Amino acid sequence: MNKILVTGALGQIGSELVVKLREIYGADHVVATDLRSSAHEITRSGPFELLDVTNDKAMFEIAKRYEVDTVIHLAALLSATAEEKPLLAWNLNMGGLMNALEVSRELGCQFFTPSSIGSFGPSTPKVNTPQDTIQRPNTMYGVNKVSGELLCDYYFHKYGLDTRGLRFPGLISYMTPPGGGTTDYAVEIYYAAVTAGWYTSYIAKDSNMDMMYMPDALTAIIELMEADSSRLTHRNSFNVTAMSVDPEAIAAAIRDELPGFILDYDVDPKRQAIADSWPHSIDATAAKTEWGFHARYDLKAMTKDMLSQLSERQM
Ligand code: NAD
């Protein structure tokens with residue numbers, strides 16, 4: 001990676017990834033783009049362009065003008081919102097991805113896009129979900145993610161495009177609020193713990209899902225992109241995870257730091273149905289063996305850091 005274009009850069013992942021990429025590769029080497037503008041520091045700390053990823057010509061023009069050699073494609077509609085707006089999800093998630101792949105093919109760029117645990121479905125083995133397994137999701141987001149994984153494989157096999165990807169679990173961060181995913185509760189719960197001392201979960205008590213702290217997710221993207229290509233058998237969509245937790249486990253970890261914290265439930269059937277179709281825990285062995293994936297934060301370490309960062313912001 002030398003000159004990197006990031007789409008959807010103002011989102012939960014992009015807003016932190018761009019900061020880290022600029023630290024490593026230089027501010028001028030990371031072109032942040034998004035559909036919208038904001039006062040976020042990444043719009044000022046290096047090149048920033050307005051870009052709708054469904055506009056192929058605009059994407060090509062920006063990528064060519066900045067002579068990028070890497071495309072990190074993050075713009076997407078997330079699981080819960082995609083279920084509400086399936087047509088928009090298809091057009092953005094598939095149309096945007098196709099445009100980003102085509103631009104990368106035409107300009108010979110290395111390519112990264114995230115998949116998700118949402119690419120699995122009700123018939124996928126739920127415990128220790130293997131890297132290669134049944135993927136028959138029953139959500140629009142899941143359909144988009146499986147199709148995206150296949151499309152990235154196709155571009156590698158057909159055109160030799162250096163496509164890489166990770167199947168992210170729910171990502172937890174204190175910096176940017178999540179953008180409409182099923183695991184958003186796992187971020188909200190920390191904000192609520194610090195501000196109110198209690199939280200009402202829309203996800204049921206015993207729903208285990210995989211999660212990962214944002215610093216581990218950012219490191220994983222960079223390590224995968226820097227990995228020796230010849231070592232990668234599963235180029236697209238490595239399972240990665242740091243923990244498998246339910247709301248009670250997170251609440252217990254919070255209570256170790258804030259003993260009075262209260263958790264209750266008001267389950268949202270729509271988001272619960274999505275959660276029920278996803279694995280309880282996934283197996284990240286392929287990522288560990290092929291490029292050395294290693295999560296540094298477990299639930300305890302993540303909780304400590306989340307609460308201390310959010311409390312500091314309160315002051
Ligand atoms: P997000 O919703 O926080 O951000 C998405 C960004 O895309 C937003 O800034 C939005 O303005 C932008 N966007 C929307 N439509 C656009 C368009 N037409 N053109 C350009 N930009 C547009 O998403 P995120 O959490 O940062 O996720 C990024 C990627 O990672 C997505 O592919 C998502 O599916 C995947 N992922 C995220 C998680 C997670 O927990 N955050 C987990 C698994 C996979």
Side-chain angles (χ1 to χ4, degrees), residues 5-19 31-38 40 42-43 48-56 58-59 62 71-85 88-100 103 111-120 137 139-149 151-152 165-188 209-214 216-218 220-221 236-243 271 274-275 278-279 282:
L5 176 82
V6 181
T7 71
L10 287 168
Q12 196 198 9
I13 299 177
S15 56
E16 292 190 49
L17 181 64
V18 167
V19 172
V31 185
T33 70
D34 204 289
L35 182 65
R36 60 197 165 96
S37 193
S38 90
H40 196 283
I42 65 162
T43 62
F48 177 81
E49 299 279 347
L50 285 174
L51 171 65
D52 179 347
V53 294
T54 61
N55 183 338
D56 55 345
M59 196 190 298
I62 292 170
V71 172
I72 297 187
H73 177 59
L74 302 176
L77 213 61
L78 268 55
S79 56
T81 320
E83 238 8 59
E84 296 301 315
K85 300 174 182 170
L88 174 65
W90 179 269
N91 290 335
L92 168 54
N93 294 355
M94 301 318 302
L97 175 60
M98 188 54 116
N99 290 341
V103 165
F111 184 84
F112 174 89
T113 200
S115 184
S116 157
I117 53 170
S119 68
F120 299 117
T139 61
M140 177 51 94
Y141 182 70
V143 170
N144 296 163
K145 288 302 184 190
V146 180
S147 311
E149 292 182 7
L151 208 48
C152 291
L166 299 168
R167 277 184 199 130
F168 277 136
L171 299 180
I172 296 172
S173 151
Y174 59 88
M175 293 257 201
T176 308
T182 304
T183 53
D184 291 6
Y185 91 86
V187 180
E188 292 169 6
M209 284 184 277
D210 285 281
M211 307 280 171
M212 188 150 84
Y213 201 29
M214 190 60 86
D216 280 333
L218 304 183
I221 295 173
N236 288 300
S237 306
F238 286 93
N239 284 0
V240 285
T241 182
M243 63 198 86
R271 284 180 285 185
I274 299 177
W278 290 359
I282 61 173

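Keep in mind that this is a model prediction, so the values were computed, not measured. Start at 1 and go down the list; that is how both ligands and their atoms are numbered.
Here the closest non-hydrogen pair linking Pro137 and Val143 is CG-N, 3.7 Å. Nearest heavy-atom pair across Cys152 and Thr113 is SG-CG2, 3.8 Å. Considering all non-hydrogen atoms of both residues, Pro169 and Thr241 come closest at CG-CA, 4.1 Å. Nearest heavy atoms, Ala82 versus Met140: O-CB, 4.1 Å. Minimum heavy-atom separation, Gln12 to Leu171: NE2-O, 3.1 Å.
Atoms CD1 and CG, from Ile282 and Asp210 in turn, are 4.5 Å apart once rounded to the nearest 0.5 Å. Here the straight-line distance linking atom OG of Ser173 with atom CE of Met212 works out to 12.5 Å at 0.5 Å rounding. Remark: Glu188 CD to Thr183 OG1 distance equals 10.0 Å, nearest 0.5 Å. In this structure, the separation between CG on Asp184 and CD1 on Ile172 is 10.5 Å, given to the nearest 0.5 Å. Here Ser37 contributes atom OG and Leu10 contributes atom CG; the two are 7.0 Å apart, rounded to the nearest 0.5 Å. To the nearest 0.5 Å, atom CG of residue Asn239 and atom CZ of residue Phe120 are 4.5 Å apart.
Polar contact with ligand 1: absent for Thr183 (N/O pair, distance under 3.5 Å). Among the atoms of Gly170, none of the N or O lies under 3.5 angstrom from an N or O of ligand 1. Where the criterion is an N or O separation shorter than 3.5 Å, residue side chain and backbone included, Lys145 meets it with respect to ligand 1. Polar contact with ligand 1: absent for Ser116 (N/O pair, distance under 3.5 Å). Annotation: Ile13 places an N or O atom under 3.5 Å from an N or O atom of ligand 1; distance criterion only. Inclusion of Leu78 in the set of residues having an N or O under 3.5 Å from an N or O of ligand 1 is not warranted. The shortest N or O to N or O distance between Thr54 and ligand 1 is not under 3.5 Å.
When only non-hydrogen protein atoms are considered, atom 19 (N) of ligand 1 lies nearest to Val53 N, 2.9 Å. Regarding atom 5 (C) of ligand 1, its nearest protein heavy-atom neighbour is Ala76 O, 4.0 Å. Counting only heavy atoms of the protein, atom 18 (N) of ligand 1 lies nearest to Asp52 OD1, 2.9 Å. The shortest contact between atom 34 (O) of ligand 1 and any protein heavy atom is with Tyr141 OH, 2.5 Å. Nearest non-hydrogen protein atom to atom 28 (C) of ligand 1 is Leu74 O, 3.2 Å. Closest to atom 3 (O) of ligand 1, if we only count protein heavy atoms, is Gln12 N, 2.8 Å. Residue, atom and distance of the protein heavy atom nearest to atom 43 (C) of ligand 1 are Phe168 CB, 3.3 Å.
With a 4.0 Å cut-off on non-hydrogen atoms, Ala9 does not touch ligand 1 at all. At a heavy-atom distance under 4.0 Å, only side-chain atoms of Leu92, from C-beta outward, approach ligand 1. At a heavy-atom distance under 4.0 Å, only side-chain atoms of Arg36, from C-beta outward, approach ligand 1. By the criterion of a heavy-atom distance under 4.0 Å, neither the backbone nor the side chain of Pro178 is placed next to ligand 1.
The residue among Thr7, Val187, Leu171, Val240 with a heavy atom at the shortest distance from atom 40 (O) of ligand 1 is Leu171. In the candidate list Gly11, Gly96, Pro169, Pro114, Pro169 is nearest to atom 42 (C) of ligand 1, counting heavy atoms. Of the listed options Ser37, Gly8, Gly95, Gly180, Gly8 places a heavy atom closest to atom 7 (O) of ligand 1. In this structure, of Asp34, Ile72, Leu35, the residue bringing a heavy atom nearest to atom 10 (C) of ligand 1 is Asp34.
Taking every heavy atom of Ser115 and a limit of under 4.0 angstrom, the matching atoms of ligand 1 come to 43 (C), 44 (C). Numbered from 1 in the order shown, with element, the atoms of ligand 1 that lie under 4.0 Å from a heavy atom of Leu51 read 19 (N), 20 (C).
The side chain to side chain contact (heavy atoms under 4.5 Å, CB included) test with Ile62 singles out one residue from Thr7, Asn55, Val103, Leu51, and that residue is Leu51.
Surrounding CE of Met94 are more than 12 heavy atoms belonging to other residues, nucleotides or ligands, all under 6.0 Å away.
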